[in-house]
Amino acid sequence: MKTVVLNGSPRMNKGNTEKILEPFLEGMKGHQIEITRLYLKKMKVESCMGCLRCHENGGQCVIKDDMQILRKLFYECDLLILATPIYEFSYTSYMCKAIERLLEPLACGEIVLAAGNECYVNHTFKRRIGILLITNGSFDGEYTFGP
Amino acid sequence: MNIIVLNGHPKPGGSPTTVILNHLLEGCRESGAGILDYNLGDMKIESCIGCLYCWTNIEGRCILEDDASLLSKEFQKSEVAIFASPLKFFSCSSLLKIILERLFMPYTSGKRCLFVGDEYYYVTRRKFSGERKKILFLLDSEFSDTDLFAPLIQSVKSSFSIVLDDDGENVMDYMGSITIGCSVLAGNADIFSKCTNLKGLLKRAGKQIVQNSNIEPDLFDEINLPLYRHAGISREEAFSLTNRLMRSFSFSPGRGEKI
(Lines give C-alpha, C1' and ligand atoms only; values in the text may rest on other atoms or scores of the structure.)
Protein backbone atom coordinates (compact mmCIF):
# COMPACT_ATOMS: atom_id res chain seq x y z
CA MET A 1 0.00 0.00 0.00
CA LYS A 2 1.41 3.32 -0.99
CA THR A 3 1.13 5.99 1.64
CA VAL A 4 1.95 9.67 1.35
CA VAL A 5 2.36 11.69 4.51
CA LEU A 6 2.14 15.47 4.29
CA ASN A 7 3.36 17.34 7.33
CA GLY A 8 1.99 20.88 7.30
CA SER A 9 3.85 22.06 10.36
CA PRO A 10 6.29 24.91 9.73
CA ARG A 11 8.49 23.54 12.52
CA MET A 12 8.90 20.35 10.47
CA ASN A 13 10.74 17.58 12.31
CA LYS A 14 11.10 19.57 15.53
CA GLY A 15 7.43 20.24 16.03
CA ASN A 16 4.79 18.54 18.12
CA THR A 17 3.01 17.28 15.02
CA GLU A 18 6.06 15.19 14.20
CA LYS A 19 6.10 13.81 17.74
CA ILE A 20 2.56 12.52 17.30
CA LEU A 21 3.16 11.37 13.75
CA GLU A 22 6.34 9.42 14.50
CA PRO A 23 4.88 6.65 16.73
CA PHE A 24 1.94 6.38 14.38
CA LEU A 25 4.16 5.72 11.36
CA GLU A 26 6.29 3.40 13.50
CA GLY A 27 3.20 1.25 14.00
CA MET A 28 2.51 1.19 10.27
CA LYS A 29 5.95 -0.11 9.39
CA GLY A 30 6.37 -3.80 8.57
CA HIS A 31 2.96 -4.12 7.00
CA GLN A 32 4.17 -3.87 3.41
CA ILE A 33 3.61 -0.19 3.40
CA GLU A 34 5.64 2.20 1.35
CA ILE A 35 5.74 5.53 3.14
CA THR A 36 6.73 8.79 1.46
CA ARG A 37 7.03 11.61 3.93
CA LEU A 38 7.01 15.23 2.81
CA TYR A 39 7.41 18.47 4.70
CA LEU A 40 5.33 21.15 3.05
CA LYS A 41 7.55 23.95 4.36
CA LYS A 42 10.51 22.56 2.42
CA MET A 43 8.58 22.39 -0.81
CA LYS A 44 8.00 25.34 -3.06
CA VAL A 45 4.23 25.54 -3.42
CA GLU A 46 2.57 28.66 -4.81
CA SER A 47 -0.97 29.65 -3.91
CA CYS A 48 -3.65 28.78 -6.43
CA MET A 49 -4.00 31.86 -8.62
CA GLY A 50 -7.59 31.20 -9.63
CA CYS A 51 -6.96 31.30 -13.37
CA LEU A 52 -9.39 28.36 -13.75
CA ARG A 53 -7.31 26.96 -16.59
CA CYS A 54 -7.55 23.53 -14.97
CA HIS A 55 -11.29 23.73 -15.57
CA GLU A 56 -10.68 24.22 -19.28
CA ASN A 57 -7.94 21.72 -19.99
CA GLY A 58 -8.99 18.68 -17.97
CA GLY A 59 -7.21 19.23 -14.68
CA GLN A 60 -3.73 20.36 -15.72
CA CYS A 61 -2.32 23.05 -13.48
CA VAL A 62 -0.32 25.73 -15.28
CA ILE A 63 1.92 26.60 -12.32
CA LYS A 64 5.17 24.69 -12.50
CA ASP A 65 6.54 24.07 -9.02
CA ASP A 66 7.01 21.26 -6.49
CA MET A 67 3.28 20.64 -6.63
CA GLN A 68 3.90 18.56 -9.76
CA ILE A 69 5.81 16.02 -7.65
CA LEU A 70 3.16 16.08 -4.97
CA ARG A 71 0.32 15.65 -7.42
CA LYS A 72 2.01 12.67 -9.07
CA LEU A 73 2.43 11.02 -5.67
CA PHE A 74 -1.17 11.82 -4.79
CA TYR A 75 -2.55 10.19 -7.92
CA GLU A 76 -0.56 7.01 -7.27
CA CYS A 77 -1.11 6.62 -3.53
CA ASP A 78 -3.73 4.58 -1.68
CA LEU A 79 -3.63 6.50 1.56
CA LEU A 80 -2.96 10.17 2.15
CA ILE A 81 -2.15 11.30 5.66
CA LEU A 82 -2.44 15.00 6.39
CA ALA A 83 -0.73 16.05 9.59
CA THR A 84 -1.05 19.65 10.71
CA PRO A 85 -1.13 21.72 13.89
CA ILE A 86 -4.08 24.04 14.48
CA TYR A 87 -3.30 27.67 13.62
CA GLU A 88 -6.15 30.11 14.12
CA PHE A 89 -8.66 27.29 14.46
CA SER A 90 -7.83 25.80 11.10
CA TYR A 91 -5.01 24.02 9.31
CA THR A 92 -1.78 25.87 8.61
CA SER A 93 -1.38 27.96 5.49
CA TYR A 94 1.14 25.46 4.10
CA MET A 95 -1.56 22.80 4.24
CA CYS A 96 -4.10 25.29 2.88
CA LYS A 97 -1.98 26.00 -0.18
CA ALA A 98 -1.38 22.31 -0.87
CA ILE A 99 -5.03 21.35 -0.46
CA GLU A 100 -6.16 24.15 -2.77
CA ARG A 101 -3.70 23.15 -5.44
CA LEU A 102 -4.47 19.42 -5.09
CA LEU A 103 -8.23 19.69 -5.13
CA GLU A 104 -8.89 22.55 -7.55
CA PRO A 105 -7.89 20.47 -10.61
CA LEU A 106 -9.98 17.58 -9.24
CA ALA A 107 -13.01 19.81 -8.95
CA CYS A 108 -12.73 20.72 -12.60
CA GLY A 109 -15.87 18.87 -13.67
CA GLU A 110 -19.25 20.43 -13.83
CA ILE A 111 -21.60 21.13 -10.95
CA VAL A 112 -24.62 18.82 -10.81
CA LEU A 113 -27.49 18.46 -8.39
CA ALA A 114 -27.29 15.01 -6.76
CA ALA A 115 -29.98 14.19 -4.18
CA GLY A 116 -30.53 17.88 -3.54
CA ASN A 117 -26.84 18.56 -2.93
CA GLU A 118 -24.53 20.25 -5.33
CA CYS A 119 -21.49 18.19 -6.28
CA TYR A 120 -18.63 18.41 -8.70
CA VAL A 121 -18.41 15.57 -11.20
CA ASN A 122 -14.98 14.61 -12.38
CA HIS A 123 -14.92 12.48 -15.50
CA THR A 124 -11.26 11.52 -15.56
CA PHE A 125 -10.38 10.49 -12.02
CA LYS A 126 -11.18 6.82 -11.49
CA ARG A 127 -9.53 5.92 -8.20
CA ARG A 128 -10.43 6.16 -4.58
CA ILE A 129 -7.99 7.44 -2.03
CA GLY A 130 -8.25 7.12 1.73
CA ILE A 131 -7.53 10.29 3.61
CA LEU A 132 -6.53 10.50 7.26
CA LEU A 133 -6.11 13.67 9.25
CA ILE A 134 -3.84 14.06 12.25
CA THR A 135 -3.92 17.32 14.14
CA ASN A 136 -2.79 18.80 17.40
CA GLY A 137 -3.57 22.04 19.14
CA SER A 138 -2.39 23.93 22.17
CA PHE A 139 -5.79 23.88 23.87
CA ASP A 140 -7.47 20.86 25.36
CA GLY A 141 -11.02 21.60 24.23
CA GLU A 142 -12.58 19.11 21.86
CA TYR A 143 -14.23 21.85 19.87
CA THR A 144 -10.92 23.32 18.75
CA PHE A 145 -10.89 20.58 16.13
CA GLY A 146 -14.55 20.91 15.22
CA PRO A 147 -14.22 23.45 12.41
CA MET B 1 -13.49 56.14 10.33
CA ASN B 2 -10.69 54.05 8.89
CA ILE B 3 -11.53 50.81 7.17
CA ILE B 4 -8.94 48.29 6.05
CA VAL B 5 -9.98 45.85 3.35
CA LEU B 6 -8.03 42.70 2.57
CA ASN B 7 -9.16 40.98 -0.59
CA GLY B 8 -8.03 37.35 -0.68
CA HIS B 9 -9.19 36.60 -4.21
CA PRO B 10 -6.13 35.57 -6.25
CA LYS B 11 -7.51 37.31 -9.35
CA PRO B 12 -9.26 40.35 -7.91
CA GLY B 13 -10.03 42.19 -11.15
CA GLY B 14 -13.63 41.49 -12.14
CA SER B 15 -13.93 38.50 -9.83
CA PRO B 16 -17.28 37.87 -8.08
CA THR B 17 -15.72 38.62 -4.68
CA THR B 18 -14.51 42.02 -5.85
CA VAL B 19 -17.76 42.90 -7.60
CA ILE B 20 -19.74 42.25 -4.41
CA LEU B 21 -17.12 43.94 -2.23
CA ASN B 22 -17.09 47.09 -4.35
CA HIS B 23 -20.80 47.66 -3.85
CA LEU B 24 -20.35 47.39 -0.10
CA LEU B 25 -17.41 49.81 -0.16
CA GLU B 26 -19.38 52.29 -2.25
CA GLY B 27 -21.80 52.60 0.66
CA CYS B 28 -18.90 53.10 3.08
CA ARG B 29 -17.33 55.79 0.87
CA GLU B 30 -20.59 57.70 0.55
CA SER B 31 -20.75 57.91 4.32
CA GLY B 32 -17.28 59.39 4.38
CA ALA B 33 -15.06 56.54 5.50
CA GLY B 34 -11.39 56.37 4.61
CA ILE B 35 -10.75 53.05 2.92
CA LEU B 36 -7.49 51.20 2.44
CA ASP B 37 -8.07 48.47 -0.11
CA TYR B 38 -5.37 45.80 -0.46
CA ASN B 39 -5.24 42.95 -2.94
CA LEU B 40 -3.34 40.17 -1.21
CA GLY B 41 -2.43 38.59 -4.54
CA ASP B 42 -0.18 41.57 -5.35
CA MET B 43 1.67 41.48 -2.04
CA LYS B 44 4.59 39.39 -0.94
CA ILE B 45 3.70 37.69 2.32
CA GLU B 46 5.45 34.71 3.84
CA SER B 47 3.61 32.03 5.80
CA CYS B 48 3.98 32.01 9.58
CA ILE B 49 7.03 29.88 10.41
CA GLY B 50 5.82 28.91 13.87
CA CYS B 51 8.91 30.28 15.61
CA LEU B 52 6.76 31.73 18.40
CA TYR B 53 8.98 34.84 18.57
CA CYS B 54 5.81 36.91 18.86
CA TRP B 55 4.82 34.91 21.93
CA THR B 56 8.05 35.60 23.78
CA ASN B 57 8.90 39.07 22.47
CA ILE B 58 7.71 41.91 24.67
CA GLU B 59 5.58 43.80 22.11
CA GLY B 60 4.18 40.76 20.36
CA ARG B 61 6.00 41.72 17.14
CA CYS B 62 6.57 39.35 14.22
CA ILE B 63 10.16 38.50 13.29
CA LEU B 64 9.44 38.31 9.56
CA GLU B 65 9.76 41.59 7.67
CA ASP B 66 7.59 41.74 4.57
CA ASP B 67 4.34 43.30 3.38
CA ALA B 68 2.55 41.80 6.35
CA SER B 69 4.37 44.25 8.66
CA LEU B 70 2.75 47.12 6.74
CA LEU B 71 -0.66 45.45 6.88
CA SER B 72 -0.25 44.79 10.58
CA LYS B 73 0.46 48.49 11.21
CA GLU B 74 -2.51 49.62 9.14
CA PHE B 75 -4.71 47.01 10.79
CA GLN B 76 -3.88 48.40 14.21
CA LYS B 77 -4.75 51.92 13.11
CA SER B 78 -8.12 51.09 11.57
CA GLU B 79 -11.41 50.67 13.38
CA VAL B 80 -13.04 48.23 10.98
CA ALA B 81 -11.41 45.40 9.08
CA ILE B 82 -13.10 43.66 6.17
CA PHE B 83 -11.73 40.33 4.97
CA ALA B 84 -12.99 39.16 1.59
CA SER B 85 -12.37 35.75 0.12
CA PRO B 86 -13.96 33.10 -2.05
CA LEU B 87 -14.76 29.83 -0.30
CA LYS B 88 -12.18 27.24 -1.32
CA PHE B 89 -12.80 23.73 -0.09
CA PHE B 90 -14.69 24.96 2.95
CA SER B 91 -11.91 27.28 3.99
CA CYS B 92 -10.82 30.73 2.89
CA SER B 93 -8.33 31.16 0.05
CA SER B 94 -4.72 30.46 1.00
CA LEU B 95 -3.77 34.11 0.41
CA LEU B 96 -6.15 35.17 3.17
CA LYS B 97 -5.20 32.22 5.37
CA ILE B 98 -1.55 33.31 5.27
CA ILE B 99 -2.33 36.86 6.36
CA LEU B 100 -4.84 35.74 9.03
CA GLU B 101 -2.07 33.67 10.61
CA ARG B 102 0.43 36.48 10.41
CA LEU B 103 -1.98 39.11 11.73
CA PHE B 104 -3.54 37.20 14.58
CA MET B 105 -0.72 34.98 15.79
CA PRO B 106 0.91 38.04 17.47
CA TYR B 107 -2.44 38.96 19.02
CA THR B 108 -2.82 35.55 20.58
CA SER B 109 0.67 36.00 21.98
CA GLY B 110 -0.68 35.68 25.48
CA LYS B 111 0.97 37.08 28.51
CA ARG B 112 -0.97 34.22 29.90
CA CYS B 113 -3.79 31.83 29.16
CA LEU B 114 -6.98 32.33 31.07
CA PHE B 115 -9.39 29.53 31.86
CA VAL B 116 -12.95 30.44 32.71
CA GLY B 117 -14.99 27.31 33.28
CA ASP B 118 -14.64 25.25 30.12
CA GLU B 119 -13.57 28.21 28.07
CA TYR B 120 -10.11 29.55 27.55
CA TYR B 121 -8.74 32.89 26.45
CA TYR B 122 -5.49 34.60 25.65
CA VAL B 123 -4.65 37.87 27.36
CA THR B 124 -2.84 39.80 24.66
CA ARG B 125 0.41 41.72 25.00
CA ARG B 126 -0.59 44.27 22.40
CA LYS B 127 -1.71 47.67 23.60
CA PHE B 128 -5.14 48.74 22.46
CA SER B 129 -6.48 52.23 22.59
CA GLY B 130 -10.08 53.25 22.22
CA GLU B 131 -12.83 51.06 20.95
CA ARG B 132 -12.88 47.44 20.00
CA LYS B 133 -11.94 46.57 16.48
CA LYS B 134 -14.84 45.40 14.33
CA ILE B 135 -14.29 42.52 11.96
CA LEU B 136 -16.45 41.73 8.94
CA PHE B 137 -16.07 38.77 6.62
CA LEU B 138 -17.29 38.78 3.05
CA LEU B 139 -17.37 35.28 1.58
CA ASP B 140 -18.72 33.87 -1.63
CA SER B 141 -19.05 30.40 -3.04
CA GLU B 142 -20.05 28.86 -6.35
CA PHE B 143 -22.51 26.61 -4.50
CA SER B 144 -25.88 27.83 -3.30
CA ASP B 145 -26.02 26.28 0.18
CA THR B 146 -25.19 28.90 2.82
CA ASP B 147 -24.53 26.17 5.42
CA LEU B 148 -21.27 25.48 3.61
CA PHE B 149 -19.83 28.65 5.12
CA ALA B 150 -20.47 27.45 8.67
CA PRO B 151 -17.12 25.68 9.39
CA LEU B 152 -15.09 28.68 8.24
CA ILE B 153 -17.26 31.18 10.12
CA GLN B 154 -17.04 29.05 13.25
CA SER B 155 -13.25 29.01 13.06
CA VAL B 156 -12.79 32.75 12.45
CA LYS B 157 -15.30 33.59 15.16
CA SER B 158 -13.39 31.45 17.65
CA SER B 159 -10.05 33.01 16.75
CA PHE B 160 -11.35 36.53 17.50
CA SER B 161 -13.28 35.72 20.61
CA ILE B 162 -10.35 34.24 22.54
CA VAL B 163 -8.24 37.41 22.53
CA LEU B 164 -8.73 39.59 25.61
CA ASP B 165 -7.01 42.73 26.90
CA ASP B 166 -5.86 43.41 30.47
CA ASP B 167 -9.38 44.29 31.62
CA GLY B 168 -10.76 41.00 30.36
CA GLU B 169 -12.56 42.65 27.43
CA ASN B 170 -12.56 41.28 23.90
CA VAL B 171 -10.25 43.38 21.74
CA MET B 172 -11.89 42.33 18.52
CA ASP B 173 -15.55 42.13 17.78
CA TYR B 174 -16.88 39.84 15.10
CA MET B 175 -19.50 41.87 13.28
CA GLY B 176 -20.79 39.05 11.12
CA SER B 177 -20.33 37.56 7.69
CA ILE B 178 -21.79 38.44 4.35
CA THR B 179 -22.08 35.08 2.62
CA ILE B 180 -23.25 34.89 -0.96
CA GLY B 181 -23.85 31.62 -2.77
CA CYS B 182 -23.80 31.01 -6.54
CA SER B 183 -21.45 33.96 -6.79
CA VAL B 184 -20.03 32.95 -10.18
CA LEU B 185 -23.12 34.61 -11.65
CA ALA B 186 -21.76 37.97 -10.51
CA GLY B 187 -19.10 37.56 -13.20
CA ASN B 188 -21.82 37.95 -15.80
CA ALA B 189 -22.83 41.58 -16.22
CA ASP B 190 -26.32 40.76 -17.55
CA ILE B 191 -27.26 38.63 -14.56
CA PHE B 192 -25.72 40.97 -12.03
CA SER B 193 -27.55 43.96 -13.47
CA LYS B 194 -30.78 42.16 -12.47
CA CYS B 195 -29.68 42.18 -8.82
CA THR B 196 -30.56 45.82 -8.23
CA ASN B 197 -32.06 44.87 -4.89
CA LEU B 198 -28.80 43.31 -3.71
CA LYS B 199 -26.79 46.37 -4.78
CA GLY B 200 -29.06 48.58 -2.70
CA LEU B 201 -28.80 46.26 0.30
CA LEU B 202 -25.01 46.13 0.11
CA LYS B 203 -24.83 49.90 -0.06
CA ARG B 204 -27.08 50.16 2.96
CA ALA B 205 -24.87 47.70 4.82
CA GLY B 206 -21.83 49.82 3.94
CA LYS B 207 -23.49 52.92 5.35
CA GLN B 208 -24.46 51.09 8.53
CA ILE B 209 -20.86 49.99 9.06
CA VAL B 210 -19.71 53.62 9.09
CA GLN B 211 -22.64 55.06 11.04
CA ASN B 212 -23.27 52.36 13.68
CA SER B 213 -20.10 50.26 13.21
CA ASN B 214 -22.45 47.35 12.94
CA ILE B 215 -24.88 45.79 10.49
CA GLU B 216 -28.43 44.95 11.54
CA PRO B 217 -29.13 41.18 11.74
CA ASP B 218 -32.16 41.60 9.49
CA LEU B 219 -30.01 43.12 6.79
CA PHE B 220 -27.61 40.18 7.00
CA ASP B 221 -30.55 37.82 6.48
CA GLU B 222 -31.70 39.78 3.46
CA ILE B 223 -28.25 39.85 1.85
CA ASN B 224 -27.14 36.31 2.65
CA LEU B 225 -29.02 34.52 -0.08
CA PRO B 226 -27.69 32.72 -3.13
CA LEU B 227 -27.29 35.10 -6.02
CA TYR B 228 -29.90 33.37 -8.19
CA ARG B 229 -32.58 34.34 -5.65
CA HIS B 230 -31.46 37.97 -5.85
CA ALA B 231 -31.53 37.80 -9.65
CA GLY B 232 -34.89 36.01 -9.71
CA ILE B 233 -33.92 32.93 -11.74
CA SER B 234 -34.33 29.23 -10.89
CA ARG B 235 -31.68 27.08 -9.24
CA GLU B 236 -31.31 24.73 -12.23
CA GLU B 237 -30.95 27.67 -14.57
CA ALA B 238 -28.35 29.14 -12.25
CA PHE B 239 -26.21 26.02 -12.33
CA SER B 240 -26.29 25.51 -16.06
CA LEU B 241 -25.21 29.13 -16.33
CA THR B 242 -22.50 28.67 -13.70
CA ASN B 243 -21.08 25.67 -15.58
CA ARG B 244 -21.00 27.69 -18.78
CA LEU B 245 -19.40 30.70 -17.11
CA MET B 246 -16.70 28.58 -15.45
CA ARG B 247 -15.65 27.34 -18.89
CA SER B 248 -15.61 30.74 -20.49
CA PHE B 249 -13.88 32.76 -17.79
CA SER B 250 -10.91 34.49 -19.27
CA PHE B 251 -9.20 36.31 -16.45
CA SER B 252 -6.41 38.58 -17.48
CA PRO B 253 -2.94 37.18 -16.70
CA GLY B 254 -1.79 38.10 -13.24
CA ARG B 255 0.62 37.34 -10.46
CA GLY B 256 3.60 35.37 -11.76
CA GLU B 257 1.72 33.69 -14.52
CA LYS B 258 3.87 31.55 -16.78
CA ILE B 259 2.20 29.54 -19.48
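Proteins come first, then strands; the chains are lettered A, B, ... in the order of their sequence lines, and each starts at number 1.
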Q: Please flag which part of Ile49(B) lies under 4.5 Å from any non-hydrogen atom of chain A: side chain, backbone, both or neither.
A: both

Q: What part of Cys92(B) is in contact with chain A, defined as an atom under 4.5 angstrom from a non-hydrogen atom: side chain, backbone, both or neither?
A: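 Backbone only.
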
Q: Just to verify, what does Tyr174(B) make a side-chain hydrogen bond (donor to acceptor under 3.5 Å, both in side chains) with, not counting sequence neighbours?
A: Ser177(B)

Q: Tell me, out of Ile98(B), Leu100(B), Ile153(B), Val156(B), who's got the most heavy-atom pairs with chain A below 4.5 Å.
A: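 Top option by heavy-atom pairs under 4.5 Å: Ile98(B).
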
Q: Which residue, Lys41(A), Glu18(A), Met12(A), forms the side-chain contact (heavy atoms from CB on, under 4.5 Å) with Asn7(A)?
A: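 When side-chain contact (heavy atoms from CB on, under 4.5 Å) is applied between Asn7(A) and each of Lys41(A), Glu18(A), Met12(A), only Glu18(A) qualifies.
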
Q: Side chain, backbone, both or neither: which part of Ser47(B) has a heavy atom under 4.5 Å from chain A?
A: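 Both backbone and side chain.
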
Q: Can you say whether the rings of Phe75(B) and Phe83(B) are parallel (under 30°), tilted (30 to 60°) or perpendicular (over 60°)?
A: tilted

Q: Salt bridge check, Lys2(A) against Asp78(A): does any charged N sit closer than 4.0 Å to a carboxylate O?
A: no

Q: Could you give the side-chain donor-acceptor pairs of residues 21-29 of chain A under 3.5 Å, partners two or more places apart or in another chain?
A:
residue	atom	partner	partner atom	Å
Glu22(A)	OE1	Arg37(A)	NH1	3.4

Q: Where on Ser93(B) is there a heavy atom nearer than 4.5 Å to chain A: the side chain, the backbone, both, or neither?
A: both

Q: Tell me, for Thr92(A) versus chain B, whether the close heavy atoms (under 4.5 Å) come from the side chain, the backbone, both or neither.
A: both

